[in-house]
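One structure is given below, encoded as structure tokens.
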Amino acid sequence: MTQTTLRTHRCGALRKEHVGQRVRLGGWVHRRRDLGGIVFLDLRDRDGLVQVAVGPGWASPDLVTRAQTVGPETVLLVEGEVVARPPAMRNAELATGDVEVHATSLRVVGPAETPAIPVARGKGEELAAEELRLKYRHLDLRRPELQANLILRHRLLQRARRALSELDFLEIETPNLTKPTPEGARDYLVPSRVHPGEFYALPQSPQIYKQLLMVSGFDRYFQIARCFRDEDLRYDRQPEFSQIDIEASFVGQEDVLGFVETVLVALWDEAGHTIARPFPRLTWREAMERYGTDKPDLRFDFPITDWTAQVQPLGVPFFQGATNGSRVRGIAVRGGGTLSRKDVDQLAETAKTHGAPGLAWVKRQGEQLSGSVGKHFNAAALGQIGVGDGDVALMTVGPDRVTSPALDKVRREVIRRLAPQPKLAHAFCWVVDFPLFEPDPETGKPVFAHHPFTSPHPEDLGKLDSDPFACRALHYDAVYNGNELGSGSIRITDPAIQRKVFAHLGLSPADIDARFGFLLTALAAGAPPHGGFAVGFDRTVMLIVGAASMRDVIAFPKTTAARALFEGAPAPARPEDLAALHIKAVPPHE
RNA sequence: GGGGCUGUAGCUCAGCUGGUUAGAGUGCCGGUCUGUCACACCGGAGGUCGCGGGUUCGAGCCCCGUCAGCCCCGCCA
């Protein structure tokens with residue numbers, strides 16, 4: 001199957017069963033070992049490495065001389081015989097290590113200048129700086145690690161398509177030149193040449209299109225959708241990214257969760273991992289109470305507990321603020337006695353940078369109690385909160401919106417430092433019953449926590465105006481090892497409710513019709529109940545391959561400043577191009 | 001928008017309290033070598049210390065600014 005007019009096999013595919021065959025190979029010189037009379041070349045392609053031997057007995061003296069001069073990363077066409085290596089000369093570290101190719105012909109078809117960054121790397125050698133890896137991406141992508149990542153990414157894409165296709169989903173493409181969205185992330189804008197002063201936006205997601213497809217009766221849609229958001233980046237956030245985007249009609253939340261589980265289990269299976277179904281479920285409230293986050297890492301225990309009642313009588317000054325709306329919450333760290341004073345200080349620093357007033361702690365070693373609030377505690381009080389010999393209690397005080405994120409970070413940091421054995425390697429869960437509103441961080445007023453098409457929980461419709469923060473949404477997240485893989489919801493299909501939600505966002509009736517008239521018209525044209533989901537595909541691949549950054553699973557990623565270092569994008573536009581687009585660039589002012 | 005770390009040879013890094021000619025490993029070039037697999041050995045070339053300014057008798061090192069990469073906060077419906 002890999003045979004072409006120029007080659008018979010891939011380098012990395014050769015095995016014992018090929019011994020005796022004459023083969024033609026094409027590949028890059030990974031490394032050269034020149035012993036004078038005999039030259040070894042490791043030839044590399046996407047399947048791996050094979051040793052090519054050029055020596056007397058099968059190669060002409062001229063061929064040996066030429067083999068001595070080929071530089072690394074040169075592209076060669078090699079012809080020769082596959083030969084079994086003598087037992088003492090096998091290389092167990094190489095998949096092709098039982099054989100080598102005795103070259104009888106060698107053609108340089110792609111001469112290479114000395115590479116700016118090395119492709120072949122010795123054991124323990126550091127990678128080149130990421131800036132250079134991104135600048136010389138064509139070289140970095142030759143590294144077997146990155147090749148493996150992108151090859152698995154391909155297989156995961158195909159597997160997702162197959163799984164959804166088998167569930168009767170239709171792959172339908174939606175536009176990339178679309179309309180700006182009112183809320184959410186900043187849009188990338190694209191000027192229109194034929195309509196001066198008007199702009200398309202690149203989609204942040206195909207949200208409205210997939211809902212229109214449901215109204216049109218396609219019933220089950222999916223797409224590997226490219227999405228664009230002009231926001232600041234992180235190791236796991238790129239300005240353009242891919243989602244496995246799903247929408248289905250005549251479904252409730254259970255149906256959608258089932259579809260998504262099927263896809264996720266298939267993806268992990270493709271990577272060689274067996275995942276149990278159904279995934280455990282937590283309500284958003286449970287997740288926040290027990291883990292302080294809506295994406296808990298369930299590989300580990302160390303739950304957060306409310307200790308207000310147990311701690312209040314002890315008269316600890318640090319906790320005196322624990323009144324109206326404040327609680328004392330903490331983590332009983334089993335085996336936390338091994339945390340050093342420095343560790344605990346750094347944990348306290350973590351708590352502070354995430355908004356907590358500080359971190360109180362008690363360490364229990366036999367009858368010995370120590371720590372910042374150790375003198376206020378006794379064994380009985382510690383027993384009440386589940387702190388035994390060799391354990392540490394870490395706690396803080398404040399309203400939940402302060403203590404939850406701080407204790408979440410403290411818990412993650414404790415887990416990182418103690419590195420306990422995880423209960424399971426792949427901890428999936430669903431987080432359901434998200435609130436519909438969240439307080440605006442500045443005004444405290446209720447603002448929508450999700451996109452404006454998310455349906456309120458039917459049981460909470462009556463509380464929309466009277467008690468907005470108590471309203472739940474039909475919104476759900478898939479969480480894996482403390483990472484959000486994706487989210488989805490059941491959508492609003494009643495145009496009247498949809499209008500009401502837009503009005504809540506502060507849109508006037510005229511705004512609503514201008515921006516979402518086409519959606520409302522569609523909803524009024526006979527809309528089936530529907531809902532969907534979107535899996536962040538790049539992040540999923542990153543987690544499956546264990547990459548440190550999304551950049552290692554994307555062929556041509558952007559830097560954290562959203563630049564493409566290989567091609568040099570973005571770049572100034574030529575004045576005549578701007579003129580044709582009716583655009584004038586204004587230099588930034590201080 | 002804010003904070004932190006980093007920037008010295010092609011690559012990875014060292015460079016003391018500010019002091020003579022800025023070093024190492026690797027790669028590169030030349031040489032020896034018929035079983036290596038990060039081959040080994042001998043020799044050589046290679047520097048805008050990110051960039052600009054300042055302090056100083058003297059700056060890779062101190063100060064200010066700036067650029068780039070990475071990480072964090074904000075932001076990411």
Side-chain angles (χ1 to χ4, degrees), chain A residues 30-43 49-59 61 64 68-69 71-73 83 85-86 88-94 96-97 100 102 113-136 139-140 181-187 204-205 207-208 227-239 241 349-350 352-355 405 409 434 436-438 441-442 447-454 473 475 484 487 489 501-502 504-505 534 536 548-549 551 558-563 565:
Chain A
H30 191 68
R31 240 193 281 273
R32 184 186 64 216
R33 289 176 296 281
D34 176 0
L35 275 64
I38 187 169
V39 180
F40 296 101
L41 301 171
D42 289 338
L43 202 62
L49 295 179
V50 72
Q51 174 164 279
V52 174
V54 189
W58 62 89
V64 175
Q68 285 171 328
T69 63
E73 300 307 315
V83 174
R85 295 203 205 180
M89 295 163 198
R90 287 183 190 150
N91 185 346
E93 287 176 28
L94 224 52
T96 61
E100 64 186 9
H102 285 189
E113 292 171 358
T114 301
I117 57 171
V119 176
R121 203 159 47 108
K123 289 164 191 153
E125 262 178 44
E126 293 294 322
L127 282 177
E130 186 150 19
E131 188 174 356
L132 296 169
R133 292 176 45 208
L134 292 171
K135 184 170 174 189
Y136 303 105
L139 293 174
D140 201 40
T181 35
E183 283 284 316
R186 274 182 287 266
D187 288 311
Q204 296 180 26
S205 83
Q207 183 61 35
I208 293 179
C227 305
F228 306 85
R229 293 178 192 174
D230 186 5
E231 293 294 345
D232 289 345
L233 307 177
R234 293 282 190 279
Y235 76 99
D236 62 347
R237 272 163 32 188
Q238 283 276 308
F241 57 98
E349 204 46 50
T350 300
K352 278 185 195 162
T353 54
H354 290 90
K409 296 299 189 303
F434 272 72
L436 186 61
F437 299 96
E438 61 191 12
E442 271 150 38
V447 293
F448 280 91
H450 319 286
H451 63 59
F453 317 108
T454 302
H475 177 102
E484 182 192 323
S487 64
S489 63
V501 168
F502 286 140
H504 247 291
L505 288 173
S549 152
R551 295 182 294 273
K558 303 286 189 285
T559 68
T560 50
R563 284 190 179 280
L565 295 183

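We use all heavy atoms of the structure for the numbers below, so side chains are in, but hydrogens, waters and symmetry mates are not. Labels below follow one simple rule: chain letters A, B, ... track the order of the sequence lines, proteins then strands, and each chain is numbered from 1.
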Practice prompt. Name the closest nucleotide to the L134(A) side chain, picking from C11(B), G69(B), A77(B).
Written response: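 Ranking C11(B), G69(B), A77(B) by closest atom to the L134(A) side chain puts G69(B) first.
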
Discussion item. Starting the side chain at C-beta, find the nucleotide from U12(B), C37(B), A77(B) nearest to L132(A).
Written reply: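 It is U12(B).
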
Report yes if a donor N or O on one partner sits less than 3.5 Å from an acceptor N or O on the other, where the partners are the side chain of [X] and the base of [N]; otherwise report no.
X	N	value
R31(A)	C39(B)	no
R85(A)	C37(B)	yes
S205(A)	A77(B)	yes

Pairing partner (Watson-Crick or G-U wobble, both distances under 3.5 angstrom) of [N]:
N	result
G65(B)	C51(B)
U32(B)	A40(B)
G10(B)	U26(B)

Tell me whether the OP1 or OP2 atom of [N] has a side-chain N or O from [X] closer than 4.0 Å.
X	N	value
R229(A)	A77(B)	yes
R551(A)	C71(B)	yes
R234(A)	C73(B)	yes

Worksheet item: I117(A) or G36(A): which one's nearest nucleotide on RNA chain B is closer to the 5' end?
Response: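 This one resolves to I117(A).
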
Worksheet entry | Along RNA chain B (nearest heavy atom to each residue), the more 5'-positioned of I38(A) and R563(A) |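 Result of the comparison: I38(A).
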
Practice prompt. Using modelled atom types only, decide if a donor and an acceptor are shared between the side chain of Q204(A) and the backbone of A185(A) within a distance under 3.5 Å.
Written response: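 Judged by distance alone, yes, a pair lies under 3.5 Å.
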
Worksheet item: Looking at CZ of R32(A) and OG1 of T69(A), how far apart are the two atoms once the value is rounded to the nearest 0.5 Å?
Response: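 Those atoms lie 7.5 Å apart.
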
